[in-house]
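Not measured: the values here are computed from a predicted model. In the text below, chain A, chain B and the rest are named by the order of the sequence lines, each starting its count at 1.
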Amino acid sequence: MIGHIQELIENALEHLQAKGEFDLENIPTINIERTRDKKHGDYASNVALTLAKPLKSNPRAIAEKIISELASSSHVSRVEIAGPGFINFYLTNACRLQVIKRILKLKEDFGSSKLGEDQKITVEFVSANPTGPLHVGHGRGAAFGSSLTNILKKVGYDVHAEYYVNDHGRQMDILATSVWLRYLELCGEPITFPTNGYKGDYIVDIARCVRSKYGDDLRHAQSEVFAQVSPDEPAGGSKEQHIDDLIVNAKDILGKGYQKIFKKALDSILSGIENDLEDFNVHYDEWFSEKSLHKGDTIERAMAKLAESEHLYKKEGALWFNATHFGDEKDRVVMRENGLKTYFASDVAYLLNKFERGFEKSIYVFGADHHGYIPRLKAATKAMGFDADKIDILLIQFAHLFKSGKKVPMTTRGGQFVTLKELVSEVGCDASRFFYVMRSHEQHLDFDMDLAKSQSNDNPVYYIQYAHARICSIMRKLTEQNMMHNVEIGHVAVELLVEEQELDLIKALSQYPEVIEKAATSYAVHTVANYLRELAQLFHSYYNAHQVQVDNENLRNARLNLCLATRYVLADGLRLLGSSAPEEMRPEDRKET
RNA sequence: GCGCCCGUAGCUCAGUGGAUAGAGCAACCGCCUCCUAAGCGGUAGGUCGCAGGUUCGACUCCUGCUGGGCGCGCCA
């Protein structure tokens with residue numbers, strides 16, 4: 001419709017130009033937008049305002065000339081000038097009502113588009129180190145990334161959702177060593193657990209699994225384990241050195257046994273993460289292993305690419321990438337003096353891998369604390385000769401969890417935190433998914449657990465679901481009374497929908513494709529949540545003001561069509577956000593909170 | 001110190017150059033003989049952090065200031 005109006009104006013401008021009324025160097029791109037206020041019609045253009053300057057004339061006069069040259073259209077009922085010189089377009093009722101037929105035909109495909117042209121893109125999100133269960137801090141990235149993936153698919157991208165698994169490096173060694181030490185404790189060895197080890201209870205659980213599988217096979221004497229280990233921090237030493245020494249000993253003493261523990265720890269935590277995310281309705285196409293980059297030659301090739309473009313240099317024994325050349329604040333080490341590659345080297349290799357897999361766009365969803373990564377990833381992209389516009393890095397601001405009015409700490413050093421699993425089991429998947437994405441990802445979020453749990457009118461997700469359930473209920477009642485919903489009768493009688501609430505609801509429905517498209521192009525998942533709330537609001541108002549099941553068969557079917565169309569959009573929108581659309585919600589099912 | 005993000009109603013937030021700045025919650029007043037009251041209608045609530053600038057037009061863009069969050073290792 002926007003394109004149609006654009007065309008009308010464009011033609012009018014060309015006529016005016018040809019008649020010599022206007023003297024423009026070129027026809028500008030014409031901006032058409034939905035009006036916010038229905039008193040301003042359905043669509044408005046500011047074209048006369050923008051032309052005021054080049055034409056050196058007043059906007060209202062220009063608008064008048066444009067209107068006089070507008071060709072008549074079967075979709076437009078009225079055009080008027082308003083305010084400083086806006087041109088407002090009113091659609092014909094027939095045109096407005098078409099959307100119902102369209103939705104009933106397309107069903108849940110309404111709002112889908114070919115915007116993405118089937119381009120291969122990837123969205124990487126969460127990617128938390130597999131050193132422990134996911135906590136509520138990861139939940140926002142998971143909810144956002146998953147919803148974004150759904151939305152991008154909806155507009156026609158071939159989206160590959162990916163989790164980058166940091167299954168390589170020192171943190172994993174600390175994990176494996178922590179498990180081993182807990183295992184030794186279970187065997188009865190007197191162990192002083194290192195300050196820098198992972199202290200969560202889940203480590204003990206894994207150690208127990210190791211013990212039940214291997215018995216005492218991996219047991220070694222405390223004296224051997226701690227032989228030549230420098231003192232821990234409480235004993236006046238360095239906690240970093242202490243844990244590193246323990247890792248060296250663990251690898252030495254255990255040999256192949258170390259890999260067994262390592263693998264057990266990784267598998268156990270990773271499958272826990274996978275399960276937690278599945279329960280959170282978050283699905284991945286790929287769990288990408290960092291180790292696979294080390295096993296293959298991707299890192300070498302990535303480094304070679306950087307070297308080729310002469311962006312690598314040696315300093316103080318280490319190998320550096322000159323990121324400052326591309327605007328980063330400092331150069332970055334890719335290989336340490338001890339010959340080990342840094343995480344950044346893996347990141348560059350992963351980047352190369354994404355380009356090699358032919359993704360047109362790689363979207364990274366990072367926590368706000370990772371904002372320092374943007375310049376260096378962009379720098380590496382450019383240095384390898386790729387288009388930096390092909391990577392988009394989104395920062396998710398922190399969510400603060402509130403419980404009983406008090407802020408709940410997200411993580412603590414001691415390994416105590418609210419896990420995602422706990423959140424989902426306490427609040428439920430639907431409400432927690434919705435709460436995480438109902439605010440802009442660029443905004444700090446206060447997550448009120450009590451509100452999310454409350455199954456009441458305070459809770460926006462239930463409000464939306466309730467609208468859906470009400471429609472389902474209308475349909476059920478109909479069947480109980482042996483009345484038929486005849487869609488064709490409804491289509492023919494569509495002009496009977498004249499109530500204000502009906503027209504408002506119809507208008508909102510017709511906006512769904514635009515909302516989805518805008519959410520996709522600007523990565524603004526929360527706009528879908530806002531839209532659904534508005535749509536539910538309009539439906540509830542309508543429901544209260546007018547009866548759907550009326551005696552008049554024509555009107556009844558027209559209204560049923562409208563309800564059904566609303567239902568499709570509500571269900572699809574909820575699906576995009578990872579929430580369900582229940583067909584029945586009973587007040588007596590509510591849990592008192 | 002440097003860099004990134006944020007400041008809109010009592011609270012939590014929408015509003016990515018347009019018309020009279022909007023929702024929800026909290027407050028107050030109403031609505032079930034009628035398809036689910038997890039609902040609806042109404043009232044009240046604002047110096048869009050402050051000061052300049054760009055523009056026909058600024059909550060929106062630019063600069064400075066101010067308040068808050070986060071980040072600045074051969075850590076992961």
Side-chain angles (χ1 to χ4, degrees), chain A residues 31 33 35-37 39-40 44 46 48-50 52-53 58-59 82-86 88 129 131 166 168-172 174 240 315-320 328-330 332-338 340-344 346 367-375 395 397-398 400 402 438-440 442-448 451 454-467 469-478 480-481 501 518 522 524 526-527 529-530 533-534 536-537 539-550 556 559-560 563 584-590:
Chain A
N31 184 26
E33 45 188 46
T35 54
R36 254 185 240 169
D37 190 331
K39 276 178 249 160
H40 300 141
N46 62 352
L49 293 159
T50 54
K53 199 164 196 186
N58 102 53
F86 291 103
N88 293 340
N129 285 347
T131 52
N166 294 111
H168 182 270
R170 182 166 170 258
Q171 289 304 315
M172 291 308 298
I174 296 178
E240 307 291 345
K315 194 177 94 183
E316 292 159 13
L319 195 57
W320 296 71
D328 197 2
E329 56 184 51
K330 53 186 74 168
R332 308 289 167 183
V333 173
V334 291
M335 188 160 57
R336 291 188 291 231
E337 198 174 357
N338 61 13
L340 291 178
K341 279 145 192 138
T342 60
Y343 265 60
F344 180 60
S346 309
D369 53 336
H370 281 58
H371 69 241
Y373 282 55
I374 298 177
L395 296 176
Q397 295 297 321
F398 281 15
H400 300 291
F402 284 83
M438 72 181 183
R439 305 301 183 201
S440 161
E442 306 174 311
Q443 191 78 236
H444 293 258
L445 173 78
D446 285 352
F447 192 120
D448 185 336
L451 177 58
S454 82
Q455 308 197 351
S456 72
N457 50 348
D458 307 353
N459 194 327
V461 68
Y462 292 117
Y463 180 86
I464 297 165
Q465 290 179 327
Y466 185 49
R470 268 185 154 173
I471 296 171
C472 294
S473 171
I474 292 172
M475 301 299 172
R476 268 197 310 273
K477 272 275 164 15
L478 201 69
E480 280 169 22
Q481 292 166 10
Q501 290 90 344
K518 196 189 152 203
S522 55
H526 70 287
T527 56
N530 287 338
R533 199 185 194 294
E534 276 166 38
Q537 211 271 102
F539 177 76
H540 285 309
S541 293
Y542 174 45
Y543 182 92
N544 261 268
H546 302 285
Q547 187 82 7
V548 174
Q549 290 174 17
V550 289
R556 185 176 66 235
R559 288 185 171 172
L560 285 167
C563 288
E584 194 167 2
M585 290 166 83
R586 289 283 164 192
E588 56 269 26
D589 295 341
R590 288 163 68 178

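Nearest to the side-chain atoms of A/E442 among the listed nucleotides B/rC6, B/rC34, B/rG18 stands B/rC6. The side chain of A/R533 sits closest to B/rG24 out of B/rG24, B/rU16, B/rC59. The A/H40 side chain lies nearest to B/rA19 when the options are B/rA19, B/rC40, B/rC34. You'll find that the side chain of A/R586 is closest to B/rU36, out of B/rC75, B/rC34, B/rU36. Comparing B/rA19, B/rU36, B/rU12 against the side chain of A/R439 picks out B/rU12 as the nearest. Comparing B/rC6, B/rG18, B/rA37 by their closest approach to the side chain of A/F86 singles out B/rG18.
Spacing of C1' atoms, B/rG53 relative to B/rA44, comes out at 37 Å, to the nearest Å. Straight-line distance between the P atoms of B/rG1 and B/rG10: roughly 32 Å, to the nearest whole Å. Comparing the P positions of B/rC40 and B/rG24 gives a spacing of 9 Å, expressed to the nearest Å. For the C1' atoms, the distance from B/rA21 to B/rU33 is 44 Å, rounded to whole Å. Rounded to whole Å, the C1' atom of B/rC32 lies 47 Å from the corresponding atom of B/rG68. Taking atom C1' in both B/rU20 and B/rG15, the straight-line distance is 15 Å, to the nearest Å. Nucleotides B/rA19 and B/rA23 place their P atoms 15 Å apart, quoted to the nearest Å. Atom name P, nucleotides B/rG67 and B/rG49: the rounded distance is 16 Å, in whole Å.
Mapping A/G372 and A/Q171 onto RNA chain B via the closest heavy atom, the residue that lands nearer the 5' end is A/G372. Each of A/M475 and A/L445 was assigned the nucleotide of RNA chain B with the nearest heavy atom; the assignment lying further toward the 5' end belongs to A/L445.
Pair assignment for B/rC40 gives B/rG30, based on Watson-Crick or G-U wobble hydrogen-bonding distances that are each under 3.5 Å. The pairing partner recorded for B/rG7 is B/rU66, the criterion being a Watson-Crick or G-U wobble arrangement whose two distances lie under 3.5 angstrom. Here B/rG1 sits opposite B/rC72 as a Watson-Crick or G-U wobble pair (both hydrogen-bonding atom distances under 3.5 Å). Taking a pair to require two hydrogen-bonding distances under 3.5 Å in either a Watson-Crick or a G-U wobble arrangement, B/rC59 remains unpaired. Shown here, B/rG22 forms a base pair with B/rC13; the pair counts as Watson-Crick or G-U wobble because both key distances fall under 3.5 Å.
As judged by a 4.0 angstrom heavy-atom cut-off over every strand, A/E240 is placed among residues making no nucleic acid contact. Residue contacts shown for A/D328 are absent, as no nucleic acid heavy atom lies under 4.0 Å away. Within the nucleic acid shown, A/A82 comes within 4.0 Å of at least one base atom, counting heavy atoms only. Within the 4.0 angstrom heavy-atom criterion, only backbone atoms of the sugar-phosphate kind lie near A/E329; the bases stay farther away. If you check every strand for non-hydrogen atoms under 4.0 Å, A/K315 touches a base. The residue A/A318 sits close to a base: some heavy atom pair falls under 4.0 Å. Within 4.0 Å (heavy atoms only), A/A467 reaches no atom of the nucleic acid at all. Residue A/E316 is in base contact, counting any heavy-atom pair closer than 4.0 Å across all strands shown.
Rounded to whole Å, the distance from CG on A/D37 to C1' on B/rA21 is 13 Å. Between the CE atom of A/M438 and the P atom of B/rC25 there is a distance of 12 Å, given to the nearest Å. Distance NZ (A/K330) to C1' (B/rG3): 10 Å, rounded to an integer number of Å. A/Q443 has its CD atom 19 Å from the P atom of B/rG24, to the nearest Å. Rounded to whole Å, atom P of B/rC34 lies 14 Å from atom CZ of A/R470. For the pair A/L49 CG and B/rG57 P, the interatomic distance rounds to 11 Å; values are reported in whole Å. Rounded to whole Å, the distance from CD1 on A/I374 to P on B/rC72 is 14 Å. Between the NZ atom of A/K53 and the C1' atom of B/rU55 there is a distance of 7 Å, rounded to whole Å.
Nearest approach of A/P84 to A/L49, heavy atoms of both residues: O-CD2, 3.7 Å. Closest approach of A/A82 and A/N88 over heavy atoms only: CB-ND2, 3.4 Å. Heavy-atom minimum distance, A/V548 versus A/C563: CG2-SG, 3.8 Å. For A/G85 against A/A48, the heavy-atom pair with the smallest separation is O-CB, 3.5 Å. A/E584 and A/R586 get closest at one heavy-atom pair: OE2-NE, 3.1 Å.
Stacking between A/H526 and B/rA14 is absent: the ring centroid is not both under 5.5 Å from the six-membered base ring centre and under 30° in plane angle.
Here the side chains of A/M172 and A/T131 are in contact, with some heavy-atom distance below 4.5 Å.
Under the 90° criterion around 0 for the glycosidic angle, B/rC62 counts as anti.
Using the six-membered ring where Trp is involved, A/Y542 and A/H546 have ring planes that are tilted, between 30° and 60° apart.
For A/Y463 and B/rC40, the shortest distance from a side-chain N or O to OP1 or OP2 is below 4.0 Å. One finds no side-chain N or O of A/T342 lying less than 4.0 angstrom from the OP1 or OP2 phosphate oxygen of B/rC74. At the phosphate of B/rC35, neither OP1 nor OP2 sits under 4.0 Å from any side-chain N or O atom of A/R556. Side-chain nitrogen and oxygen atoms of A/S541 include at least one within less than 4.0 Å of the OP1 or OP2 phosphate oxygen of B/rG41.
Between the side chain of A/S541 and the backbone N or O of A/Q537 there is at least one donor-acceptor pair closer than 3.5 Å. Listed for the A/Q549 side chain is a donor-acceptor partner under 3.5 Å among the backbone atoms of A/I474.
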What's the verdict on side-chain contact (heavy atoms from CB on, under 4.5 Å) for A/H526 and A/E442, showing C-alpha distance, side-chain angles and the deciding distance?
-> CA-CA 10 Å; A/H526 70 287; A/E442 306 174 311; over 6 Å; no
Verdict with reasoning, A/N166 to A/Y343, per side-chain contact (heavy atoms from CB on, under 4.5 Å) | CA-CA 9 Å; A/N166 294 111; A/Y343 265 60; 3.5 Å; yes
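Side-chain to base pairing of A/S522 with B/rU16: one donor and one acceptor N or O lie within less than 3.5 Å of each other. A donor and an acceptor atom never sit less than 3.5 Å apart when one is taken from the side chain of A/N46 and the other from the base of B/rA19.
Geometrically, A/R470 engages A/Y543 in a cation-pi contact defined by less than 6.0 Å to the ring centre and at most 45° from the axis.
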Got a list of protein N/O to nucleotides 67-70 of chain B N/O distances below 3.5 Å?
none

